[in-house]
Amino acid sequence: MGSTCSFFFIIILLVHLPFLSLTTAQASLCRTSCGDIPIKYPFGIDDGCGSPYYRHILVCSDSGKLELRTPSGRYLVRNVSYSERHILLTDPFMWNCQDSDNFRPTRPFSLDTSTHFSLSPQNEYLFFNCSEDNVIIQPKPIFCEHFPDRCDSSCDSASYLCRHLPQCPFALSGISSCCSYYPKATESLRLMLRYCASYTSVYWKDIGAPQPYDQVPEYGIRVNFDIPVTTRCLLCEDRVKGGGTCGFDTQTHSFLCLCEKGNVTTYCKDHSIAGHNRKIGVIAGAVTGVSAAGALGVVAGVWYLKKVRATAPVTCGVQSNENRLF
């Protein structure tokens with residue numbers, strides 16, 4: 001009889017352990033860096049941290065590399081500028097100096113249009129060995145003077161970057177062609193790559209020098225982002241009010257201020273909030289309730305087993321109406 005009751009007790013524990021472990025797994029505060037890249041609002045690499053607009057978009061790999069998820073893949077993040085609000089990415093499928101005239105198969109980079117990301121206008125795209133039967137390849141200043149209505153559709157063969165490839169101005173031989181074009185949509189980029197051997201992205205980096213030498217070209221993709229600032233987030237981060245971390249409830253996406261002693265909907269040092277209103281140690285407020293329900297379920301199961309043992313014998317492998325548990 002003792003072994004049978006122990007068996008049922010273990011079953012009840014196994015059913016509720018996943019709920020109990022959720023509290024422990026989400027009790028720590030948000031990580032503030034991935035490798036040498038700082039993680040600040042509106043981003044987060046732990047669920048429930050930052051703004052819900054950027055949930056599950058940034059990933060910190062096991063090797064400590066920050067990556068951005070997009071519909072076209074995952075891309076290494078080289079830098080995040082919170083003051084200028086942009087992310088710099090590396091696309092391994094794009095052409096680089098080491099490729100020279102060897103144009104590898106590539107794929108178009110794309111962003112989810114439903115997010116608060118956008119391609120920076122400081123990006124320039126260089127396309128190589130395009131078909132002149134399908135792509136308008138012309139020196140843009142002259143072509144635009146004669147055909148202003150088709151100017152935006154042309155790929156500029158007189159581009160400064162084509163004539164001065166960053167870091168490797170002589171990487172291409174005379175048999176390879178280059179032109180510059182800025183696609184206004186992902187579909188335009190896909191269409192270009194149907195008729196071009198490869199492409200690469202170059203952005204203009206600000207170096208703080210006097211104009212006109214204040215920018216230099218570098219390979220990479222610059223992606224701009226918005227910072228959805230709210231009064232509640234500013235109050236939460238205010239050191240005088242406790243210096244919390246802005247986050248959200250993973251079930252409802254509603255705002256939460258993440259504090260060392262628990263999570264609140266205002267700010268960490270808001271003394272008007274009673275202790276029982278704090279969601280202690282849990283990023284997702286709903287998890288606490290589920291975990292508590294799990295613990296109560298275990299206690300109720302133990303009490304019920306004791307009651308059954310006291311009123312009816314349990315026969316191993318046999319279930320009757322008198323000893324039925326469920």
Chemist: Would you check, one step at a time, whether the test side-chain contact (heavy atoms from CB on, under 4.5 Å) holds for W95 with S198?
Modeler: CA-CA 6 Å; W95 180 91; S198 186; 3.7 Å; yes

Chemist: Identify, with sequence neighbours excluded, every residue that meets side-chain hydrogen bond (donor to acceptor under 3.5 Å, both in side chains) alongside R69.
Modeler: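 R69 satisfies side-chain hydrogen bond (donor to acceptor under 3.5 Å, both in side chains) with no residue once adjacent residues are dropped.
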
Chemist: So which heavy atom on V135 is nearest to which on C155, and how close?
Modeler: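 Closest pair (atom of V135, atom of C155, distance): CG1-CB, 4.0 Å.
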
Chemist: With a 4.5 Å heavy-atom cut-off, do N224 and L119 have their side chains touching?
Modeler: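 Contact flag for N224/L119 side chains = no.
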
Chemist: Taking only residues two or more places apart in sequence, or in another chain, which ones meet D99 in a side-chain hydrogen bond (donor to acceptor under 3.5 Å, both in side chains)?
Modeler: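 Expected list: R104.
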
Chemist: Taking atom types as modelled, is there a side-chain donor on D112 or S114 under 3.5 Å from an acceptor on the other?
Modeler: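 Yes, S114 and D112 have a side-chain donor paired with an acceptor closer than 3.5 Å.
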
Chemist: Evaluate the side-chain contact (heavy atoms from CB on, under 4.5 Å) criterion for residues N79 and I87: first the C-alpha distance (whole Å), next the side-chain angles of each, then the deciding distance (0.1 Å), finally the verdict.
Modeler: CA-CA 6 Å; N79 184 40; I87 295 176; over 6 Å; no

Chemist: Taking T70 for the side chain and S72 for the main chain, is one N or O donor matched with an acceptor at less than 3.5 Å?
Modeler: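 Checked: pair present.
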
Chemist: So, does Y82 use its side chain to make a donor-acceptor pair with the main chain of K40 at under 3.5 Å?
Modeler: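 Pair found, side chain donor or acceptor close to backbone of K40.
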
Chemist: In chain order, what residues pass the salt bridge (charged side-chain N to carboxylate O under 4.0 Å, His left out) check against R107, with sequence neighbours excluded?
Modeler: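 Listed in chain order: nothing, the list is empty.
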
Chemist: Measuring only between side-chain heavy atoms, which start at C-beta, is Y199 closer than 4.5 Å to M94?
Modeler: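 Yes, close enough: below the 4.5 Å cut-off.
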
Chemist: Please tell me if the side chains of C49 and T245 come closer than 4.5 Å, counting only heavy atoms from C-beta onward.
Modeler: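 SC-SC contact between C49 and T245 ruled out.
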
Chemist: What heavy-atom pair brings I45 and S33 nearest, and what distance separates the two atoms?
Modeler: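 That would be CD1-O, 3.8 Å.
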
Chemist: Please identify each residue that fulfils side-chain contact (heavy atoms from CB on, under 4.5 Å) with S254, with sequence neighbours left out.
Modeler: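 side-chain contact (heavy atoms from CB on, under 4.5 Å) list for S254, sorted by chain: D249, T252.
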
Chemist: Under 3.5 Å, sequence neighbours excluded: what are the donor-acceptor pairs made by side chains of residues 228-241?
Modeler:
residue : atom : partner : partner atom : Å
T230    : OG1  : C233    : N            : 3.2
D238    : OD1  : V240    : N            : 3.0

Chemist: P108: what forms a side-chain contact (heavy atoms from CB on, under 4.5 Å) with it, not counting sequence neighbours?
Modeler: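 Only L189, R190, L193 meet the side-chain contact (heavy atoms from CB on, under 4.5 Å) criterion with P108.
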
Chemist: Any side-chain heavy atom of Y75 sitting closer than 4.5 Å to one from F109?
Modeler: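 They are in side-chain contact.
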
Chemist: Would you check if F255 and T265 make a side-chain contact, meaning some heavy-atom pair closer than 4.5 Å?
Modeler: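 Of all side-chain heavy-atom pairs linking T265 with F255, none is under 4.5 Å.
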
Chemist: Checking D152 now: which residues fulfil side-chain contact (heavy atoms from CB on, under 4.5 Å) with it, not counting sequence neighbours?
Modeler: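 Testing D152 for side-chain contact (heavy atoms from CB on, under 4.5 Å), a comparison that skips the adjacent residues, returns K184.
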
Chemist: Show every disulfide bond (SG atoms under 2.5 Å apart) that has at least one partner inside residues 55-125, sequence neighbours left out.
Modeler: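 Disulfide bond (SG atoms under 2.5 Å apart) check on residues 55-125 returns C34-C60, C97-C168.
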
Chemist: I'd like to know if the side chain of S120 pairs up with that of N123 as donor and acceptor (distance under 3.5 Å, no hydrogens or angles considered).
Modeler: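 No, no side-chain donor-acceptor pair sits under 3.5 Å.
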
Chemist: Any non-hydrogen side-chain atom of S201 less than 4.5 Å from a side-chain atom of D91?
Modeler: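 They are not in contact (no side-chain heavy atoms under 4.5 Å apart), so the answer is no.
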
Chemist: Can you pull out every side-chain hydrogen bond (donor to acceptor under 3.5 Å, both in side chains) where at least one residue sits in residues 49-64? Sequence neighbours excluded, please.
Modeler: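 Sorted result for residues 49-64: D47-R55, R55-H253, S61-S63.
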
Chemist: Among residues at least two apart in sequence or on other chains, which ones pass side-chain contact (heavy atoms from CB on, under 4.5 Å) with S176?
Modeler: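 For S176 the side-chain contact (heavy atoms from CB on, under 4.5 Å) partners, ignoring immediate neighbours, are D101, F103, N129, L172, S173.
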
Chemist: Only pairs at least two apart or in different chains count here, so list each side-chain hydrogen bond (donor to acceptor under 3.5 Å, both in side chains) that has a residue in residues 153-171.
Modeler: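 Every candidate side-chain hydrogen bond (donor to acceptor under 3.5 Å, both in side chains) pair involving residues 153-171 fails, so no pair, neighbours aside, qualifies.
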
Chemist: Are the sulfur (SG) atoms of C268 and C259 separated by under 2.5 Å?
Modeler: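 Answer is yes: C259 pairs with C268 in a disulfide.
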
Chemist: Under the salt bridge (Lys or Arg N to Asp or Glu O under 4.0 Å) rule, what pairs show up with a residue in residues 195-219, not counting sequence neighbours?
Modeler: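 Every pair satisfying salt bridge (Lys or Arg N to Asp or Glu O under 4.0 Å) with a residue in residues 195-219: R78-E218, K205-E218.
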
